[in-house]
Amino acid sequence: MSQLQPIKGTHDLMFEDIRRHRHVEETSFEIARRYGYGEIATPVFEFTDVFKRTLGDTSDIVTKEMFTFETKGGDNITLRPEGTAGVARAFISEGLTQQTPLKFFYRGPMFRYERPQKGRQRQFHQIGVELLGVATPQADVEVIALAAHILGELKLTGAVTLEMNSLGDTESRAAYREALVSFFSARKDQLSADSQERLTRNPLRILDSKDPADKAAAAGAPLFTEYLNDASKDFFKAVQDGLAAQNIAFKVNPALVRGLDYYGHTAFEFTTDALGAQGTVLAGGRYDGLIKQMGGPPTPGIGWAAGIERLSMLLPELAAAARPIAVIPIGDEEGKVALGITATLRQAGFTVDLGYSGNMGKRMTRANKIKAAVAVILGGDEMREGVATVRNLDSGEQVKVPQADLARHLAGYK
RNA sequence: GCGGGUGUAGCUCAGUUGGUUAGAGCAUCGGUUUGUGGUACCGAGGGUCGCGGGUUCGAGUCCCGUCACUCGCCCCA
């Protein structure tokens, strides 16, 4: 079709949309900063192997959702589908492995070749955090508390619920996986086609299938909690106690699992029912095996990512932007003086609009359209007296103010 | 990748059982108002009816294809 349209699943962000995006980014980084997080910006593309090795060859992201290209030089590169792999790669390749614990905040575009839907684009944006090098539950608690704090600051506490689960350590997960496979294998014919496929690829996923047949079949399935070993149970308990100590409400959801291979122990999601099928707004978990799997020293890690588009859609109305001051000269001579006054006011920190053309009526109309709070009018009379007429555009009241006193007089409109 | 819905002006939408110059509101521009905006009144511009093909004397309307958007499945933030 026409080249004059954005690529499927991409959008131009402007006006109110980008204000909301920036609001999410800026408030979340401001909170993360208080928890000791510094920002990291990794490249938007990496060697394809970086994602293949970390996400696991069988995950859907790797098998069908990556934007992968060959460069002119013959390298195989991929637009990042998520943020953790790049941060983990940087952790190793930047030689940071001796500097743990490390806390990173990131924001930026991610790319997944998927069918677009409400709250799901091919280029979308995430904020996320990673905490590397802390193996104790205190890290899990802190990272989840940070997420809750950010959502609270965004005024979304009432709109989301926190669900969590333990995927146990490697030993527990292997035991549980085995139990699940044997349970579902015995009733394979009752499962949906998708889930029969999952049986070999990712049996845990059968548990949170939306298919009614799967839900029925999963009713009597063994519970993860029965297969957690003592170490895993203690760990999960400590995380829950830590959250309770901070009055963070959560719900244990035994069906909560992870699509990506590198997760173990704590998995959590903040979800909403306001976004249709895309209810997950922020999700994360512990990935103790990842760094080693990538070729670094064994290093525990935990983190989460949140979709900025999804958060933006949930956000309540933002406070109105600051209203500008409109400077309105009536003729060419006044125009020159207006230039100087405009510059002075902008230097002093005011938001000032100086129109580009039109008679006074036109300029007043424009002042009104951009929601200016006051108009500073400069005409022949004002020039002779060395003043400007300051008109309050809400009340219509106007007074003459010496040009030199404008900044002081307008102080309330900054 | 699979399934449903929808494509008419810049935006939101009407358009009868197929019928001759395709409409409205909002927005835009001009005027009433050559030093005063918002309100009001008057007027104007703006449409290959997503695209291609077919049926028909005649298609915005019916049929087929295609593209796009959208919702859901899968998966995920």
Side-chain angles (χ1 to χ4, degrees), chain A residues 1-11 24 55 58-66 81-84 107-128 147 160 192-195 197-198 201-202 205 208-212 214 257-260 268-272 275-285 303-314 326 328-331 334 355 358-383 389-398:
Chain A
M1 252 297 269
S2 164
Q3 298 299 297
L4 267 186
Q5 58 181 229
I7 289 175
K8 184 201 281 280
T10 69
H11 294 280
V24 170
L55 300 176
T58 59
S59 74
D60 271 49
I61 290 183
V62 169
T63 54
K64 59 178 200 190
E65 292 174 4
M66 296 203 308
E82 55 94 47
T84 302
R107 54 174 137 186
M110 304 291 166
F111 306 85
R112 294 210 302 224
Y113 194 85
E114 303 182 277
R115 189 76 169 260
Q117 233 174 281
K118 184 184 180 71
R120 192 175 78 183
Q121 285 87 34
R122 286 186 171 182
Q123 175 175 339
F124 61 107
H125 300 78
Q126 287 186 332
I127 51 170
V160 298
S192 68
D194 282 327
S195 284
E197 170 74 15
R198 291 185 182 107
R201 221 184 57 208
N202 194 347
R205 272 278 163 203
D208 66 353
S209 168
K210 289 173 192 166
D211 189 294
D214 293 339
V257 297
R258 279 282 89 101
L260 307 181
F268 58 93
E269 287 183 3
F270 287 84
T271 60
T272 175
L275 292 180
Q278 262 60 245
T280 303
V281 138
L282 182 154
W304 52 254
I308 298 179
E309 280 82 358
R310 291 182 186 179
L311 290 173
S312 292
M313 286 189 281
L314 294 177
I328 299 182
I330 286 168
E334 293 85 355
N359 58 25
M360 187 181 188
K362 289 268 187 8
R363 288 170 186 260
M364 287 296 285
T365 301
R366 172 170 167 79
N368 200 57
K369 200 169 310 175
I370 63 174
K371 297 187 170 69
V374 286
V376 174
I377 298 164
L378 294 161
D381 297 345
E382 286 85 352
M383 298 300 278
T389 295
V390 174
R391 178 180 178 89
N392 180 311
L393 291 174
D394 293 329
S395 65
E397 287 165 24
Q398 53 187 53

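Here is the naming used below: chain letters follow the sequence lines, and residue numbers restart at 1 for every chain.
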Looking only at C75(B), U36(B), C71(B), the nucleotide nearest the Gln398(A) side chain is U36(B)

Any side-chain heavy atom of Arg391(A) sitting closer than 4.5 Å to one from Ile377(A)?
yes

Pairwise P distance for C49(B) and U61(B), with rounding to whole Å
9 Å

Heavy atoms under 4.0 Å, any strand shown: does Gly128(A) hit a base, just sugar-phosphate, or nothing?
nothing

Side chains of Leu378(A) and Ile330(A) in contact at under 4.5 Å (non-hydrogen atoms)
no

On RNA chain B, check which nucleotide each of Tyr113(A) and Gly119(A) is closest to and give me the residue with the more 5' one.
Tyr113(A)

NA contact type, Ala367(A), heavy-atom cut-off 4.0 Å: base, sugar-phosphate, or nothing?
nothing

I need the full list of salt bridge (Lys or Arg N to Asp or Glu O under 4.0 Å) pairs touching residues 113-122 of chain A, with sequence neighbours left out, sorted by first then second residue.
Glu114(A)-Arg120(A)

In whole angstroms, how far is the C1' atom of C75(B) from the CD atom of Glu269(A)?
12 Å

Give one of base, sugar-phosphate or nothing for Gly380(A), where a contact means two heavy atoms less than 4.0 Å apart.
base

With a 4.0 Å cutoff (strictly under), does any side-chain N or O of Lys362(A) reach OP1 or OP2 of U36(B)?
no

Are OP1 or OP2 of U70(B) and a side-chain N or O of Arg115(A) less than 4.0 angstrom apart?
no

Describe the nucleic acid contact of Ile377(A) in one word from base, sugar-phosphate, nothing, applying a heavy-atom distance below 4.0 Å.
base

Can you measure Gln126(A) atom CD to A77(B) atom P for me and round it to whole angstrom units?
7 Å

Counting only Watson-Crick and G-U wobble pairs with both atom distances below 3.5 Å, the stems of 3 or more consecutive pairs that include RNA chain B are B:1-7 with B:67-73, B:10-13 with B:23-26, B:28-32 with B:40-44, B:50-54 with B:62-66

Those residues that, when tested against Glu382(A), pass side chain to side chain donor-acceptor pair (under 3.5 Å) (two or more places apart):
Thr389(A)

When you measure from the side chain of Thr389(A), which nucleotide among G72(B), A77(B), U36(B) comes out closest?
U36(B)

Validation row: Met383(A), Glu334(A) side chains within 4.5 angstrom (heavy atoms):
yes

To the nearest Å, give me how far apart CD (Glu114(A)) and C1' (G72(B)) are.
14 Å

Is there side-chain contact between Trp304(A) and Ile127(A), with at least one heavy-atom pair below 4.5 Å?
yes

Using atom C1' in both nucleotides, what's the gap between G5(B) and G43(B) to the nearest angstrom?
41 Å

If you check the Lys8(A) side chain, which of A68(B), C73(B), G30(B) turns out closest?
A68(B)

Rounding to the closest angstrom, what is the interatomic distance between U12(B) and C69(B) at atom C1'?
16 Å

For the P atoms, the ones on U32(B) and on G25(B), what distance do you get once it is rounded to whole angstrom?
23 Å

Distance between C1' atoms of G7(B) and G47(B) (Å, rounded)
14 Å

Look only at the side chain of Ser195(A) and the backbone of Ser192(A), and say whether a donor-acceptor pair between them is shorter than 3.5 Å.
no

For atom CE of Met313(A) and atom C1' of A77(B), their distance in whole Å
10 Å

Applying salt bridge (Lys or Arg N to Asp or Glu O under 4.0 Å), name anything that partners Arg310(A), two or more places apart in sequence or on another chain.
none

Rounded to whole angstrom units, what separation is found between the CG atom of Asn359(A) and the P atom of U36(B)?
9 Å

Can you tell me how far C1' in G19(B) sits from the matching atom in C62(B), rounded to whole Å?
14 Å

Measure NE2/His125(A) against C1'/A77(B) and give the value in whole Å, please.
13 Å

In whole angstrom, give me the gap between the P atoms of U39(B) and A27(B).
8 Å

Measure from CD1 on Ile7(A) to P on C67(B) and round the result to the nearest Å.
16 Å

Any side-chain heavy-atom pair of Leu282(A) and Glu269(A) under 4.5 Å:
no

Heavy atoms, side chains only, cut-off 4.5 Å: are Gln398(A) and Val390(A) in contact?
no

What is the distance from CD of Gln117(A) to C1' of C74(B), rounded to the nearest Å?
9 Å

Answer with base, sugar-phosphate or nothing: what part of the nucleic acid does Glu334(A) contact at a heavy-atom distance below 4.0 Å?
nothing

Non-hydrogen side-chain atoms of Pro109(A) and Gln123(A) separated by less than 4.5 Å
yes

Under 4.0 Å between any heavy atoms, over every strand shown, what does Leu282(A) touch: base, sugar-phosphate, or nothing? Just pick one.
sugar-phosphate

Within the structure shown, what part of the strands sits under 4.0 Å from Asp381(A) by heavy-atom distance: base, sugar-phosphate, or nothing?
base

Quick one: side chain to side chain donor-acceptor pair (under 3.5 Å) partners of Asn359(A), sequence neighbours excluded?
none

For nucleotides 37-45 of chain B, give me one character per nucleotide, 5' to 3': B if any protein heavy atom sits under 4.0 Å from the base, S if the only such contacts are to the sugar-phosphate, - if neither.
BB-------

Taking donor-acceptor contacts at under 3.5 Å, does the side chain of Glu65(A) reach the base of G1(B)?
no

Take atom C1' in C57(B) and the same atom in G50(B), then report the distance between them in whole Å.
28 Å

